[in-house]
Amino acid sequence: MHNFIIVEDSELWDVICDGPHVSLKKVGEPGVMVPKTRKEYININIKVVKKNFCAKKILVYSVGPDEYNRISTCQYAKEIWEALQTAHERTTQVKQTKIDMLTTEYELFRMKDDESIQDMHTRFTSIINQLHSLGDIILRNKLVRKVLSVLPSSWERR
């Protein structure tokens, strides 16, 4: 999704990553800093507010109803992005764990003594397809070498 935002407007991505810079003003003595009201904004402040609104709109329209509930109370695009990253961080960790497990299964793959070539191929293809669905693609020539290397010595190669 962030590639779309960058193409659309790089300043939107800055607002998402860095947050809008809230304009402050000094109030009273000893000069406590508080956010300006919208009436006190100058053109640059208005531009930042508009960028935040636009980035927020893109993010909100990009999520489903379940994720919307996670982000509906966020005021800034940066807050939305951080909430989504936190929610999906676990998903990313689970995905990487699955890839690691399947990669190990691939590396240790051997044809079983009582297994037909068809059954071995089906089991091998299942591992490869699962890796592929997780975005880990193994080149065809590497797959062929792997299959040839796991055939038992009793199987004659002609």
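Computed from a predicted structure; not experimentally measured.
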Side-chain heavy-atom pair [X], [Y] within 4.5 angstrom cut-off:
X      : Y      : result
Trp81  : Trp13  : yes
Lys142 : Arg145 : yes
Leu151 : Met111 : yes
Leu59  : Val63  : no
Lys78  : Ile16  : no

Distance col, row Leu84:CG vs Ile71:CD1, nearest 0.5 angstrom, shows 5.5 Å

Would a single hydrophobic cluster contain both Phe124 and Leu131, if residues Ile, Leu, Val, Met, Phe, Trp and Tyr are joined by side-chain heavy-atom contacts under 4.5 Å? yes

Co-membership, hydrophobic cluster, residues Val144 and Ile137, 4.5 Å side-chain: no

Flag the pair Arg123 and Glu115 as a salt bridge only when some basic side-chain nitrogen lies within less than 4.0 angstrom of an acidic carboxylate oxygen. yes

Check the surroundings of atom CG in Asn69: do more than 12 heavy atoms from other residues, nucleotides or ligands lie under 6.0 Å from it? yes

Between the side chains of Gln93 and Thr97, is a donor N or O closer than 3.5 angstrom to an acceptor N or O? no

For Tyr106, does the six-membered ring have the charged nitrogen or CZ of Lys146 within the cation-pi criterion, i.e. under 6.0 angstrom from the centroid and within 45° of the normal? yes

